Amino acid sequence: MIDCVSENSALVTLGRQISPRLTARIAALCDWLEQQSFQWLIDLVPSYTTVLVVYDPMQLDFRGVKQCLNNGLSLLQQTTVQGRPGTVHEIPVYYAPETGPDLGELATQKGLSESRVIELHSQREYQVYAIGFMPGFGFLGTVDPQIQAPRKATPRALVPAGSVAIANEQTAIYPKASPGGWQLIGRSPAVMFDRQNLSRFRIGDRVRFVPVSRADYLGLGGRL
């Protein structure tokens, strides 16, 4: 389904149920559009089940954009979409109450030790399902059911950059200091976004969290 949502944007809906296969189709569509070098294409904003296509209406109107998008979708349907392999990112994380102020409370609520929470969070490989909220903020899933936790009732006024957090089935890394209501369980020294390379993650990438010591965290440039 392709809908006109503004004078210069169209929303492509590729499905309703979030899944790795749907994410692969979204990534494949974005890759195809970028490879075409369309002059009318300004930006792509992929999400869980959709892609927002921002275009220049002075070069092509919605009808023309819709036709191009349908052509791309038809080509993708004619092939088995495995999706690009996606980059695997290993992200160092210092899990501790001084960097993850919600770690102890989360462990208590779940009847687990802090070390078990860390183990459950770091032993999984997560998929990047969407980029949003702020530049470089990747929504990663899926968190182990044993440590899933809702957003905090009262968001923090300031969450430090690099904070690793959980909200329900998702986990994420705050790319810069900002308000936020996710459960904070650690912090990473990794840079999630910069003006030259933009976002570290792309939809379809995978993420592994690697626990590191306090000394290693500081040695990698982490701040307390």
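These numbers come from a predicted model, not from an experiment.
Within 6.0 Å of the CZ atom in Arg223, the count of heavy atoms belonging to other residues, nucleotides or ligands does not exceed 12.
Judged by distance alone, with hydrogens and angles left aside, the side-chain atoms of Thr99 form no donor-acceptor pair with the main-chain N or O of Tyr95 at under 3.5 Å. The backbone N or O of Pro57 sits nowhere less than 3.5 Å from a side-chain atom of Asn8 that would complete a donor-acceptor pair. Remark: the backbone N or O of Thr142 is paired with a side-chain donor or acceptor of Arg124 at under 3.5 angstrom. Checking side-chain atoms of Asp56 against main-chain N and O of Met58 turns up a donor-acceptor pair under 3.5 Å. Judged by distance alone, the side chain of Ser47 and the main-chain N or O of Thr50 form no donor-acceptor pair under 3.5 Å.
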Worked check of side chain to side chain contact (heavy atoms under 4.5 Å, CB included) between Thr87 and Arg202 = CA-CA 8 Å; Thr87 302; Arg202 295 185 68 191; over 6 Å; no
Going through the distances and angles, do Glu105 and Lys152 end up as a side chain to side chain contact (heavy atoms under 4.5 Å, CB included)? CA-CA 12 Å; Glu105 182 179 352; Lys152 299 184 74 64; 4.3 Å; yes
Checklist entry - After noting the C-alpha distance and the side-chain angles of Glu125 and Val88, does the key distance pass the side chain to side chain contact (heavy atoms under 4.5 Å, CB included) rule? => result CA-CA 9 Å; Glu125 184 174 89; Val88 178; 4.1 Å; yes
Practice task
In sequence, state the C-alpha distance, the side-chain angles, and the governing distance for Lys110 and Asp144, and then conclude on salt bridge (charged side-chain N to carboxylate O under 4.0 Å, His left out).
Solution key: CA-CA 12 Å; Lys110 300 299 182 179; Asp144 189 291; over 6 Å; no
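Under the 4.5 Å side-chain criterion, counting only non-hydrogen atoms from C-beta, Arg156 is in contact with Pro101. For the pair Ser122 and Val93, the minimum side-chain heavy-atom distance is 4.5 Å or more. Considering only heavy atoms from C-beta on, Lys66 stays 4.5 Å or farther from Cys4 through its side chain.
Hydrophobic cluster of Val159: the remaining members, joined at side-chain heavy-atom separations below 4.5 Å, are Ile18, Tyr48, Tyr129, Phe133, Met134, Phe137, Phe139, Tyr174, Trp182, Leu184, listed by chain and number.
Between Gln148 and Ile166, the shortest heavy-atom contact is CA-CG2, 4.5 Å. When all heavy atoms are compared, the tightest approach of Ser188 to Val164 is N-CG2, 4.2 Å. The minimum heavy-atom distance linking Phe209 with Val207 is given by the pair CZ-CG1, 4.1 Å. Between Gly136 and Ile131, the closest heavy-atom pair is N-CG2, 4.1 Å. Gly222 approaches Leu218 most closely through the heavy-atom pair O-CD2, 3.4 Å. Closest approach of Phe193 to Pro175, counting heavy atoms only: CB-CB, 4.4 Å.
With Val54 as reference, Asp43 is the one residue of Asp43, Leu41, Leu44, Val65 to meet the side chain to side chain contact (heavy atoms under 4.5 Å, CB included) rule.
Here the straight-line distance linking atom CD1 of Ile173 with atom CZ of Arg200 works out to 8.0 Å at 0.5 Å rounding. For the atom pair CD1 (Ile2) and CG (Leu69), the distance works out to 4.5 Å, reported to the nearest 0.5 Å. Taking CD1 of Ile118 as the reference point, atom CD of Gln123 lies at 12.5 Å (rounded to 0.5 Å). To the nearest 0.5 angstrom, Gln183 atom CD is 10.5 Å from Arg151 atom CZ. We find the OG-CZ distance between Ser19 and Arg25 to be 10.0 Å, quoted to the nearest 0.5 Å. Leu120 CG to Gln146 CD: the interatomic distance, rounded to the nearest 0.5 Å, is 5.0 Å.
Not counting sequence neighbours, the partners of Asn71 by the side-chain hydrogen bond (donor to acceptor under 3.5 Å, both in side chains) test are Gln67.
Under the 4.5 Å side-chain heavy-atom criterion for ILVMFWY residues, no single connected hydrophobic cluster contains both Leu60 and Leu11. Side-chain heavy atoms closer than 4.5 Å link hydrophobic residues (I, L, V, M, F, W, Y) into clusters, and following such links, even through other members, never connects Ile91 to Tyr217. The cluster map of Ile, Leu, Val, Met, Phe, Trp and Tyr, joined by side-chain heavy atoms under 4.5 Å apart, puts Val45 and Val5 in the same cluster. Hydrophobic clustering of Ile, Leu, Val, Met, Phe, Trp and Tyr side chains at less than 4.5 Å, counting indirect connections, unites Val51 with Leu73. Residues Leu22 and Leu52 are members of separate hydrophobic clusters, defined by side-chain heavy-atom contacts under 4.5 angstrom among Ile, Leu, Val, Met, Phe, Trp and Tyr.
Between Tyr126 and His121, the angle of the ring planes lies from 30° to 60°, which puts this pair in the tilted group.
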